[in-house]
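Just so we're clear, the structure is a prediction, and the values are computed from it rather than from any experiment. Along the sequence shown, the residues carry numbers beginning at 1.
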Amino acid sequence: MTNRPDLPPEIARRRTFAIIAHPDAGKTTLTEKFLLFGGAIQMAGQVRAKGEARRTRSDFMKMEQDRGISVSASAMSFDFDRYRFNLVDTPGHSDFSEDTYRTLTAVDAAIMVIDGAKGVESQTRKLFEVCRMRDLPILTFCNKMDRESRDTFEIIDEIQENLAIDVAPASWPIGSGRDFLGCYDLLHDRLELMDRADRNRVADSIKISGLDDPKLAEHIPADQLEKLREEVEMARELLPAFDRKAFLEGHMTPIWFGSAINSFGVKELMVGIGEFGPQPQPQNSADREIAPEEKPVTGFVFKVQANMDPKHRDRVAFVRLASGHFERGMKLTHVRSKKPMAVTNPVLFLAADRELAEEAWAGDIIGIPNHGQLRIGDALTEGEALRFTGIPSFAPELLQSVRATDPMKAKHLEKALMQFAEEGAAKVFKPMIGSGFIVGVVGALQFEVLASRIEIEYGIPVRFEASQFTSARWVAGPKDKVDAFVQVNKGHIAQDHDGDMVYLTRLQWDIDRVSRDHPELRLTATKEMMV
């Protein structure tokens with residue numbers, strides 16, 4: 001880390017991070033407040049807005065607004081202080097975890113949001129494991145302190161035990177639930193007081209010199225002040241002090257306490273990301289590491305979103321720039337097709353709003369509208385044939401067959417399914433024998449989302465029906481062996497949208513049998529999305 005050259009100032013001020021959490025921990029609300037403090041929106045919205053109250057900006061699909069959940073990752077760029085934040089909001093619902101896993105390949109750090117009453121929940125643990133695999137630095141925000149929450153030490157213990165990571169408190173809560181007054185900022189010796197009256201106001205910050213400052217008594221009742229002094233003293237003895245090197249290596253997480261809905265604790269967290277968060281990091285490719293300060297522009301597609309604007313049938317590829325200084329109108333080589341591509345209308349996102357990006361630097365995330373040329377895993381460079389590695393595609397856990405209720409629309413359905421397959425919203429398999437398609441997803445809720453999107457975006461009512469198959473594995477190995485295997489097992493073979501062979505099966509026993517009888521073949525549950 002230390003012997004890397006200094007980055008150009010424009011790149012060094014970039015902070016690209018994702019927010020991960022279990023559903024309902026308050027992730028989308030936190031995103032809203034980030035935009036509010038970044039000056040990007042004037043009034044924060046609510047996830048479940050009543051009547052005319054503002055809806056959140058990062059949930060732009062109709063279904064997200066109806067249900068109050070986030071189902072697709074959205075990217076937002078805004079300035080805060082002297083930093084440029086690129087924030088990727090990910091779906092917390094486990095049925096959409098694949099979108100989240102891929103998003104984590106495009107960021108340099110993650111903010112883990114946990115609920116003060118529930119602590120570390122199952123989905124948090126899964127997402128944390130992905131961050132661990134990628135050695136991502138993690139900042140923790142303990143939310144909903146204005147509701148009844150657990151003891152602070154208990155929450156910290158649970159994170160340390162469950163996630164095997166050191167926790168260094170960056171702030172310490174004063175009271176909880178109804179008695180929650182605010183926090184003591186341990187890194188800057190400040191008192192931060194919460195204002196319950198106006199949720200869009202930034203909390204008051206009072207500069208004090210340590211915990212013995214008599215000014216504290218003016219703002220905190222005596223019993224709570226005594227408890228605060230005791231707890232902070234214990235915390236300083238029992239818990240490690242914040243160490244930026246350990247944090248950047250992924251061994252330690254600083255924790256802030258607050259209440260996102262009351263705009264409290266959010267600003268301190270943002271200052272923390274700016275001060276301690278990693279600058280844009282080198283990205284891995286099959287042949288070498290790509291450093292952000294390299295002059296030629298390179299980037300990779302980590303997400304494709306179709307029909308963000310239903311009127312225009314558009315598709316936007318989200319591209320993480322790995323190096324260089326990109327300017328609008330540049331010609332970049334699309335490595336998979338080896339064709340040049342003039343990027344004339346790249347966009348920067350502010351949730352559902354977008355503006356033309358005149359320029360962007362390594363670390364930024366831009367959207368490139370296209371008509372299906374760009375897929376997940378594609379590389380864009382100024383000529384070098386790079387292949388970025390580490391963008392996973394997972395075998396689906398649920399399979400169903402799908403058909404249009406109107407047989408005349410079968411051809412249109414094929415087109416719609418291919419769109420969703422390229423977007424990464426589902427796996428689409430075309431069996432060698434028989435007609436129709438089999439759709440595979442990671443979580444059951446995705447079938448509902450697909451059915452509703454196919455109807456809204458393409459006007460095709462569809463039916464999902466139980467399939468005889470329960471799992472899918474990609475088949476890899478020497479071409480002649482794969483061909484021979486396919487000939488014998490035609491009833492079980494399908495192709496995915498890339499044309500790769502897939503073995504569909506009902507039983508784990510079948511998979512074991514293939515491994516035993518055909519040692520030269522590999523059946524895999526993941527496939528790297530490489531071109």
Side-chain angles (χ1 to χ4, degrees), residues 1-2 15 17-21 25-26 30 83 107-116 119-120 124-125 127-129 131-132 134-145 149-176 180 182-192 203 205 208-211 227-260 264-279 281:
M1 298 287 290
T2 43
R15 296 287 181 273
F17 56 95
I19 298 189
I20 59 172
L30 182 64
Y83 301 105
V107 296
D108 301 312
I111 292 175
M112 177 166 72
V113 184
I114 57 177
D115 181 325
V120 179
T124 320
R125 206 167 294 140
L127 293 168
F128 179 83
E129 283 309 315
C131 295
R132 168 70 42 94
R134 305 191 57 78
D135 285 333
L136 279 183
I138 293 178
L139 304 97
T140 306
F141 182 71
C142 184
N143 192 17
K144 304 193 183 181
M145 293 305 291
S149 57
R150 290 163 42 188
D151 174 69
T152 313
F153 283 106
E154 215 178 288
I155 294 170
I156 291 177
D157 275 353
E158 186 173 327
I159 298 173
Q160 290 190 336
E161 278 173 29
N162 271 319
L163 307 179
I165 188 168
D166 288 334
V167 180
S171 70
W172 199 264
I174 304 167
S176 71
F180 181 64
C183 283
Y184 181 71
D185 183 338
L186 290 164
L187 298 176
H188 304 97
D189 265 335
R190 274 197 304 242
L191 182 63
E192 310 287 350
S205 174
I208 48 170
S209 49
L211 280 169
K227 186 171 179 228
L228 172 71
R229 284 179 175 145
E230 270 176 30
E231 286 187 346
V232 170
E233 197 176 321
M234 273 172 67
R236 283 188 165 148
E237 280 180 22
L238 298 172
L239 297 167
F242 177 67
D243 170 358
R244 183 162 185 240
K245 185 169 177 288
F247 157 67
L248 289 175
E249 287 169 358
H251 306 314
M252 170 182 277
T253 174
I255 184 167
W256 282 263
F257 293 86
S259 157
F264 181 75
V266 178
K267 190 153 176 259
E268 291 69 46
L269 174 63
M270 291 173 81
V271 169
I273 298 164
E275 279 182 24
F276 311 121
Q279 300 175 340
Q281 295 296 303

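- For the side-chain contact (heavy atoms from CB on, under 4.5 Å) test, residues two or more places apart in sequence or in another chain that qualify with Glu230 are Glu226.
- To the nearest 0.5 Å, the span separating CD on Glu231 from CG on Asp151 amounts to 6.5 Å.
- Put simply, the residue from Ile165, Ile138, Ile19 that forms a side-chain contact (heavy atoms from CB on, under 4.5 Å) with Met112 is Ile138.
- Ion pairing of Lys267 with Glu192 is absent here, as no side-chain N (NZ or NE/NH1/NH2) approaches a carboxylate O to less than 4.0 Å.
- Residues that satisfy the side-chain contact (heavy atoms from CB on, under 4.5 Å) test with Glu233, not counting sequence neighbours, are Glu237.
- Arg15 approaches Gly274 most closely through the heavy-atom pair NH2-O, 3.0 Å.
- Rounding to the nearest 0.5 Å gives a distance of 3.5 Å between CD1 of Ile273 and CD1 of Ile111.
- Under the ring pair (Phe, Tyr, Trp, His ring centres under 6.0 Å) criterion, Tyr83 pairs with no residue at all, not counting sequence neighbours.
- Of all heavy-atom pairs between Val107 and Ala18, the closest is CG1-N, 3.8 Å.
- Note that CG of Leu191 is 9.5 Å distant from SG of Cys183, once rounded to the nearest 0.5 Å.
- Considering every non-hydrogen atom in both Ala21 and Val113, the closest pair reads CB-O, 3.3 Å.
- Using a 4.5 Å cut-off on side-chain heavy atoms (C-beta onward), Asp243 and Asp166 make no contact.
- Phe257 approaches Pro173 most closely through the heavy-atom pair CD1-CD, 3.6 Å.
- Between Tyr184 and Ile174, the closest heavy-atom pair is N-CD1, 4.1 Å.
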Practice task
Start with the C-alpha gap between Arg190 and Glu268, add the side-chain angles, then the distance that decides, and say whether salt bridge (charged side-chain N to carboxylate O under 4.0 Å, His left out) holds.
Solution key: CA-CA 11 Å; Arg190 274 197 304 242; Glu268 291 69 46; 5.5 Å; no
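- Closest approach of Leu136 and Ala110 over heavy atoms only: CD1-CB, 4.5 Å.
- Going from atom CG of Asp157 over to atom OG1 of Thr152 covers 11.0 Å, rounded to the nearest 0.5 Å.
- Between Phe264 and the choices Trp256, Phe180, Phe141, the ring pair (Phe, Tyr, Trp, His ring centres under 6.0 Å) rule is met once, by Phe180.
- To the nearest 0.5 Å, atom CZ of residue Phe17 and atom CG of residue Asp108 are 11.0 Å apart.
- Atom NE2 of His251 is separated from atom NZ of Lys245 by 7.5 Å, given to the nearest 0.5 angstrom.
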